[in-house]
Amino acid sequence: MGKIVPKADKHGLREFGFVMATIIVLLFGLFFPVIIFKQPFPEIPFPFQVPLGLASLALVFPIILKPLYIVWMYIGFVLGWINTRIILGLVF
């Protein structure tokens, strides 16, 4: 089966932290409240606290994000394995 999780250096973990922070802000700060639920944009939305923490960790101590990175990559591997079987099953 090979190696599931790719190696992550400081640069890769830093990038992972910033990307996750951006996705959380866009989903929970903009997409769900404003677009889905048609509510006004909150002045100080709650979801900005988590991405701020992720971005701070990514900037100062990116190695702390390694366990989260490993879990996220493992989930992606499992979902990719399942999706491959479903798509190939439908095609063939």
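For the numbers below, each heavy atom of this structure counts, side chains included, while hydrogens, waters and symmetry mates do not. Computed from a predicted model, the values in this text were never measured in an experiment.
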Report task. Anything under 30° is parallel, anything over 60° is perpendicular, the rest tilted; go ahead and classify Phe16 against Tyr69. Result -> perpendicular

Report summary line: Distance col, row Met20:CE vs Leu68:CG, nearest 0.5 angstrom, shows 6.0 Å

Query - Any donor-acceptor pair under 3.5 Å from Arg14 side chain to Ala58 backbone - result: yes

Query - Spacing of Ile63 atom CD1 and Asp9 atom CG [to the nearest 0.5 Å] - result: 9.0 Å

Query raised in the report: Taking Ile24 as the fixed residue, which of Leu52, Leu54, Val19 is the one that meets the side chain to side chain contact (heavy atoms under 4.5 Å, CB included) rule?
Result: Leu54

Query - Sub-4.5 Å side-chain heavy-atom contact between Leu13 and Ile64 - result: no

Requested in this report: Output the distance between atom OG1 (Thr84) and atom CG (Leu79), rounded to the nearest 0.5 Å.
Outcome: 10.5 Å

Report summary line: Hits for side-chain contact (heavy atoms from CB on, under 4.5 Å) against Ile87, two or more places apart or cross-chain, chain-then-number order -> Val91

Query raised in the report: With the 4.5 Å side-chain cut-off for hydrophobic clustering, are Leu88 and Phe77 part of the same group?
Result: no

Report summary line: On a heavy-atom basis, the closest approach of Gly17 and Leu65 is CA-CD1, 3.7 Å

